[in-house]
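These figures come from a predicted structure and were not determined experimentally. The sequence lines fix the lettering, A, B, ..., with proteins before strands; numbering per chain opens at 1. Atoms considered below: every heavy atom in the structure, side chains included; atoms not considered: hydrogens, waters and symmetry mates.
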Amino acid sequence: MAATENKSEEKTKGPDFIRQIINEDIAAGKNGGKVHTRFPPEPNGYLHIGHGKSICLNFGIAEDYNGKCNLRFDDTNPTKEDQEYVDSIIEDVNWLGFNPEIFFASDYFDQMYAWALELIDSGKAYVDSQNAEEMRENRGTPTKPGVDSPYRNRSVEENRELFEKMTKGEMEEGTCILRAKIDMAHQNMNMRDPAIYRIRKESHHRTGDKWCIYPMYDFAHGFEDSIEGITHSICTLEFENHRPLYDWFLDNVSAPCHPQQIEFARLNLSYTVMSKRKLLELVSDKLVSGWDDPRMPTISGFRRRGYTPASIRRFAKEIGVSKVNSLVDINFLQFIIREELNVSADRAMAVLDPLKVTITNYPEGQMEEFEGENNPGNPDAGSRKLPFGREIYIEKDDFMEDAPKKFFRLAPGREVRLKHAYFVTCTDVVKDENGEITELLCTYDPETRGGDAPDGRKVKGTLHWVSAEKGVKAEVRVYDHLFILEDMDDMEEGKDYRDYLNPESLVVKEAIVEPSLAAAAAGKGFQFLRQGYFCTDSRDHSPEHPVFNRTVALKDSWAKIQKKG
RNA sequence: UUGGACGUCGGCAAGCGGUAAGCCACCGGGUUUUGAUCCCGGCAUUCGCAGGUUCGAAUCCUGCCGUCCAAGCCA
């Protein structure tokens, strides 16, 4: 369960407000000093990075306090849930580095049913025969009190009889519902006789057709926590208004214990959406390739994008926990993975937009090999062979015909270094009939073999390159943000979030990569980290499909430099 | 004329009555066979606003202002 292999996960902050509450509880001797949390997703979608935050929080607390954290599926609504989702959730939680004991709310249906009966018997629950519209009308509004249902004062006997009929499937969906009898005029709308059990004649992914009534979240959740002996039930801010209800149910039934609900702000990330509804739409409308599309903010999407479990964990830790609604810059997440990959990823060269270069004074037919270190910061990473010949490819953006002084790369008459190889000077530019540059002619200096000039002369730029003869063609996918809008709350009136999809979120390129990448290019894919964003996706993170760090900055950097002046 | 929660740098976020941590971003300078990395330096006289209490307030009090949540038989 430990998730501490990343050295950068050291503590930099004091205890967050949740840990402060827990510290006080422990000091006060609450729960016998025990700490027990839980992560309770509904299996109606894949986990996203927001869940990741919650997972790291809950499991992190359990670790810190030598307690436990359960993974519990809150499967109380069969209409939206599916086994595929429970499988993916377990996979993602495990991938993040946690191997918890697994529980299902549906395993508690018998107990919850018994508690519902308890409420009926004590006159605190009744079967309402109003339909949904009537209930809504009679609930009132935040500023107007509700009106008691005409069925509110049915006898215990009648309620038991009706509830039994509901249970046996003798009532139709929507015709009646079990409600808690609290206060229809309560300022908190959640306390206006909330629904407890509704009829759903649908097969449940785990209990099958055993039940045709299912408990509502507010009724079920505290009981699930109580049954598992949870001490601190951590959830998101939108449940704040539900806490009185959470407490009410536990107080009015013979529950084993009364956990404390604590709310924190959910995660919002710039340039993406986090709602399960929208993510599901993107998937079912085929706007992305699936829940694990590398552009998705899902755990599985980030996995394919090349993020590591440690990077997600560190991100969760760095952003902290508070009750402030916030929007975290996705750049922050990218910074974290860049920092990690910078030390761990092997370097490689690839040309995404090739421009042919012929070295005119290099003997035709001759090939030689250079040794390229895999990671400049880590000698143990070893090296690989780089074939070099008369014809090579460089990046189109690494050449400029009318280059300003500040442009340090190749231009007519200018000399640059080919990384690990030689100094070359551009002598001619070959163009086609449309004036498009098709090829560069250069000369090389044999004295600079390996990349250093014996006479001590310096060059401003170092270019990456790939041998034209030995280079390997590879399809490279360049990913960018899914949406062009930084903050989805800034959507214009009348627009849909889909109107802001980024048409360039995926660009496929026919690239040329160095031979050492041949296996990866021919196989399931490989990956580049290019100054902050990623190219290509890897289906998995096995050694056969390593993550590579791109060798040099491309046009973004130049554009950036220009912008700065 | 509802109830609840929240407002500290461009973005996260410490701080809990003793005189504004840290990280990202950004801006300078140095090193560099990735314009990357790395290294040095800068970056809130001020904590939504206005009063009050106090020797002393981001921290306590009062009043405003702003944002979010709440009218599912979703979670």
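Taking atom C1' on both nucleotides, B:G17 is separated from B:A36 by 47 Å, rounded to a whole Å. Rounded to a whole angstrom, the distance from the P atom of B:C6 to that of B:C61 is 13 Å. Separation of the P atoms belonging to B:G18 and B:A13 is 23 Å when rounded to the nearest angstrom. Across the C1' atoms, B:C47 and B:A71 are found 37 Å apart, a figure rounded to whole Å. Comparing B:G10 with B:C27, their C1' atoms sit 13 Å apart, to the nearest whole Å. The P atoms of B:G15 and B:U8 are separated by 15 Å, rounded to the nearest whole Å. A distance of about 25 Å separates the C1' atoms of B:U19 and B:C12, rounded to the whole Å. Rounded to the nearest Å, the gap between the C1' atom of B:G35 and that of B:C49 is 46 Å.
Distance CZ (A:Phe315) to C1' (B:A13): 13 Å, rounded to an integer number of Å. At whole-Å resolution of the value, CG in A:Leu327 and C1' in B:U67 are 14 Å apart. A:Leu245 places its CG atom 14 Å from the C1' atom of B:G3, with the value rounded to the nearest Å. For the pair A:Glu318 CD and B:A25 P, the computed distance is 12 Å after rounding to whole Å. Taking atom CD on A:Glu339 and atom C1' on B:C38, their separation rounds to 12 Å, with Å as the unit. In this entry the distance linking CD1 of A:Ile336 with C1' of B:C12 reads 10 Å, nearest Å. Distance, A:Phe332 CZ to B:C12 P: 11 Å, rounded to whole Å. At whole-Å resolution of the value, CG in A:Leu269 and P in B:G11 are 16 Å apart.
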Apply the test side-chain contact (heavy atoms from CB on, under 4.5 Å) to residues A:Ile392 and A:Val466: give CA-CA distance (whole Å), side-chain angles for both, the deciding distance (0.1 Å), then the verdict. CA-CA 6 Å; A:Ile392 60 165; A:Val466 172; over 6 Å; no

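Remark: B:C26 base-pairs with B:G42. Criterion, Watson-Crick or G-U wobble with two distances under 3.5 Å. A 3.5 Å limit on both hydrogen-bonding distances identifies no Watson-Crick or G-U partner for B:A58. Pair check for B:A36 finds none; no Watson-Crick or G-U wobble contact set falls under 3.5 Å. The partner of B:C49 is B:G63, judged by Watson-Crick or G-U wobble contacts that both fall below 3.5 Å. Using N1 to N3 plus N6-O4 or O6-N4 for Watson-Crick, or N1-O2 and O6-N3 for G-U wobble, each under 3.5 Å, B:U31 pairs with nothing. Pairing of B:A71, defined by two Watson-Crick or G-U wobble distances under 3.5 Å, is not identified with any nucleotide.
RNA chain B is contacted by both A:Val324 and A:Arg417; A:Val324 maps to the nucleotide lying nearer its 5′ end (nearest heavy atom per residue). Taking for each of A:Lys458 and A:Arg243 the nucleotide of RNA chain B with the nearest heavy atom, the 5'-most of the two is the partner of A:Arg243.
By the side chain to side chain donor-acceptor pair (under 3.5 Å) test, A:Arg266 is found to be paired with A:Glu238, residues two or more places apart in sequence or in another chain being considered. Under the side chain to side chain contact (heavy atoms under 4.5 Å, CB included) criterion, A:Asp183 pairs with A:Ala185, A:His186, not counting sequence neighbours. The side chain to side chain contact (heavy atoms under 4.5 Å, CB included) test applied to A:Asp329 returns A:Ser270, A:Asn331, not counting sequence neighbours. A search for side chain to side chain contact (heavy atoms under 4.5 Å, CB included) contacts involving A:Asp25 returns A:Ile21, A:Lys30, A:His232, A:Gln260, not counting sequence neighbours. Every side chain to side chain contact (heavy atoms under 4.5 Å, CB included) that A:Pro244 has, sequence neighbours left out, goes to A:Asn188, A:Met191. With sequence neighbours excluded, no residue forms a side chain to side chain donor-acceptor pair (under 3.5 Å) with A:Asp148. Applying the side chain to side chain donor-acceptor pair (under 3.5 Å) test to A:Lys396 and every residue at least two apart in sequence or in another chain returns nothing. Shown here are the side chain to side chain donor-acceptor pair (under 3.5 Å) partners of A:Tyr444, two or more places apart in sequence or in another chain: there are none.
If you check every strand for non-hydrogen atoms under 4.0 Å, A:Leu418 touches nothing. Within 4.0 Å of A:Val416, counting heavy atoms only, lies no atom of the nucleic acid at all. Across all strands, A:Thr79 comes closer than 4.0 Å to no nucleic acid atom at all (heavy-atom distances). In this structure, A:Pro145 reaches neither bases nor backbone, as no heavy-atom distance under 4.0 Å exists between it and the strands shown.
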Give me the distances for all protein-to-nucleotides 15-18 of chain B N/O pairs that come in under 3.5 Å?
unit_1 : atom_1 : unit_2  : atom_2 : d
B:C16  : N4     : A:Gln20 : NE2    : 3.4

Pairs under 3.5 angstrom, nitrogen or oxygen only, protein versus nucleotides 39-41 of chain B, please.
none

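Within the structure, the salt bridge (charged side-chain N to carboxylate O under 4.0 Å, His left out) test picks out the following pairs touching residues 194-205 of chain A (sequence neighbours left out): A:Glu172-A:Lys201.
Using a 30° and 60° split on the angle between ring planes, A:His481 and A:Tyr271 fall in the parallel class, below 30°. In this structure, A:Phe239 and A:His242 have perpendicular ring planes: the angle between them is above 60°, well past the 30° mark.
Of the listed nucleotides (B:A13, B:C23, B:U37), B:A13 has the atom at the smallest distance from the side chain of A:Ser326.
A:Asp452 and A:Thr448 are not linked by any side-chain donor-acceptor pair at a separation below 3.5 angstrom, with hydrogens and angles left out of the test. A:Tyr217 and A:Asn77 are not linked by any side-chain donor-acceptor pair at a separation below 3.5 angstrom, with hydrogens and angles left out of the test.
B:G72 shows a glycosidic angle within 90° of 0 and is accordingly assigned syn.
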5' to 3', nucleotides 68-75 of chain B under a 4.0 Å protein heavy-atom cut-off (B base, S sugar-phosphate only, - none) gives SBBBSBBB

